[in-house]
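One structure below.
Ligands are counted one by one from 1 in listed order, and the atoms in each one are counted from 1 as well. Atom set for the values below is all heavy atoms of this structure, side chains included, hydrogens, waters and symmetry mates excluded.
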Amino acid sequence: MSSRAAIAHEAVYPDNYFCEVPSDPCAIVMFGASGDLARRKLLPALYDLAVHSCLAPRFRLLGFARTEMSNEAFQKQATEFLPDKAPSGDGKAARQDFLQHLQYFTGNYDDGESYRRLAKRLEALDREAELGGNRLFYLATPPAVYPRIVEQLGRAGLAKPKNDGSWVRIIVEKPFGHDGASARALNAQLLSVFDESQIFRIDHYLGKETVQNLLVFRFGNGIFEPLWSRNYVDSVQITAAESLGVERRAAFYESAGALRDMVQSHVLQLTSLVAMETPANFDATAVRNEKIKVLQSIRPLDRNSVHKHVVRGQYGPGCVNGEDVPGYRDEPGVNRNSSTETFVALKLQIDNWRWSGVPFYLRTGKRLAHPAAEIAISFKSAPHMVFQGEAVEPNSLVLNIQPQEGISLSFGAKTPGTKLHISPVAMDFYYRRAFGAGSREAYATLINDCVRGDATLFDRADSVEAAWALVDPILDAWRSSPPPAFPNYPAGSEGPDAAFQLVEAEGRHWRPLP
Ligand code: BG6
């Protein structure tokens with residue numbers, strides 16, 4: 001199936017995707033417009049917003065990249081990644097209409113002259129389409145280029161809104177820094193040019209419908225919150241498993257690894273959302289204040305605890321979905337002796353009143369048996385078992401983030417018949433079954449929030465730095481100790497043996513990957 005056909009097949013357009021009020025007219029400048037992220041994720045997300053009346057009819061998208069390209073060639077490239085369907089009427093006409101808003105700009109990221117030309121082009125667009133001076137800069141280039149773009153935007157006077165009610169915002173893609181020091185330097189540089197309220201640090205996991213639903217589940221329902229603490233919870237498992245390998249991203253991944261790529265961002269974000277206290281309201285400051293308290297309460301890992309509580313792995317050759325696949329070291333662009341980890345499992349402790357003594361087990365990896373992102377809350381067993389001779393599994397609540405989007409609560413039920421037997425059963429909620437639709441692409445949700453100035457689902461400077469403060473000691477400890485004998489798990493498995501030992505040593509088990 002071509003990528004286009006695959007997208008068309010999956011397109012769904014529930015009514016609730018429409019916006020009652022479109023965003024302000026604006027120019028969106030996409031740096032790195034010829035890259036994979038822009039083409040595969042960002043352009044389809046913008047199309048989704050345009051056809052659901054979320055973007056102002058007068059928006060303009062200016063793709064900025066080094067490659068020479070005409071507007072027409074850029075539009076043609078974009079078409080390949082847009083769905084065939086539109087929510088109503090003719091999909092072809094909707095695509096054509098969207099493409100009319102796309103223009104291309106050839107420039108060098110570190111050349112002042114390019115930004116002076118950009119400023120002129122934006123002024124011309126403002127006049128032509130009456131955009132009111134509103135601008136959104138989207139950094140979708142390799143991260144090494146961010147500092148140069150930010151500096152040049154500042155120098156060209158493009159970072160500050162005019163004093164006429166217009167706005168200027170910037171979205172910064174992850175990874176945000178390579179470690180704590182580089183993240184702090186990037187924050188300092190961004191804040192020397194932009195104001196914090198203009199900066200939207202994106203973590204696409206936060207835009208996933210199921211991740212947002214975690215907050216609704218916890219804070220929109222009365223019956224779960226009383227259970228959500230050390231009084232009833234035995235342990236929490238957070239899994240972000242992928243069956244895909246490193247794909248075409250070896251250049252990036254070799255210097256990142258699973259800890260930086262997934263744990264520092266997505267997995268710690270999920271941890272914050274599961275563990276946070278109830279915010280005073282659902283605005284950006286209140287929610288983000290509660291999230292950062294979780295990161296600040298996680299017990300820091302020292303060298304000894306890294307050794308005991310953090311496991312790293314790298315996949316070798318194996319079989320995924322019935323297909324033989326190479327090991328990480330045999331992937332194109334990967335060093336044959338690479339010590340980059342493609343798997344991490346770790347145990348964290350949150351030292352606060354709610355969670356003291358409840359272990360949080362986190363794991364993420366590439367080329368695992370099945371793709372699954374989920375949060376599993378395991379509850380304590382009944383304090384006394386009146387059904388003699390029956391072993392009843394403790395209740396568990398699983399929030400499935402993907403691909404089986406939904407929630408499942410397991411409990412023991414009497415097996416029909418004369419003898420009293422107890423079997424585990426589950427009450428399941430599936431998004432598709434309940435709402436007739438799957439989730440919207442996370443990027444559409446997040447870009448929509450950004451053009452409306454809502455930063456609730458974006459990361460704040462302090463929380464990015466707090467996440468690095470947890471990850472840095474692990475990186476330090478790994479640097480100063482020899483890596484395990486890699487590869488240490490075959491592609492298509494559920495990870496290295498040491499990851500199983502991590503939880504089994506404490507009398508628990510990982511949930512099998514579904
Ligand atoms: C990205 C990571 O942030 O998230 C990738 O860089 C990873 O390595 C991806 O594959 C996973 O996102 P999703 O939405 O496909 O689960």
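Of the residues listed (V267, V236, V310, T239), the one engaging L362 in a side-chain contact (heavy atoms from CB on, under 4.5 Å) is V267, and it is the only one.
Of all protein heavy atoms, the one closest to atom 16 (O) of ligand 1 is Q402 NE2, 2.6 Å. Of all protein heavy atoms, the one closest to atom 5 (C) of ligand 1 is R249 NH1, 3.3 Å. Nearest protein heavy-atom neighbour of atom 6 (O) of ligand 1: D261 OD1, 2.5 Å.
Comparing H204, R260, E247, K174 by heavy-atom distance to atom 13 (P) of ligand 1, the nearest is H204. Looking at E173, K41, H266, E242 and measuring to atom 1 (C) of ligand 1, the nearest heavy atom belongs to H266.
Using a non-hydrogen distance threshold of 4.0 Å, Y253 does not register as a contact of ligand 1.
When only interatomic distances are considered, the shortest N/O to N/O separation between K366 and ligand 1 falls below 3.5 Å.
Annotation: cation-pi geometry satisfied between R440 and Y17 (NZ/CZ under 6.0 angstrom from ring centroid, within 45° of ring axis). Relative to the six-membered ring of Y205, K208 meets both conditions, a distance below 6.0 Å and an angle of at most 45° to the axis.
Note: F343 and Y315 fail the aromatic proximity criterion, with ring centroids not under 6.0 Å apart. Taking the six-membered ring wherever Trp is involved, the centroid distance between the rings of Y138 and F31 does not fall below 6.0 Å. W468 and F176 have their aromatic ring centers separated by at least 6.0 angstrom.
Near K208, with a cut-off below 4.0 Å to any heavy atom, the atoms of ligand 1 are 13 (P), 14 (O), 16 (O). When each atom of ligand 1 is checked for a heavy atom of Y205 under 4.0 Å away, the hits are 12 (O), 16 (O).
Without hydrogens or angle criteria, Q198 side chain to D195 main chain gives a donor-acceptor distance under 3.5 Å.
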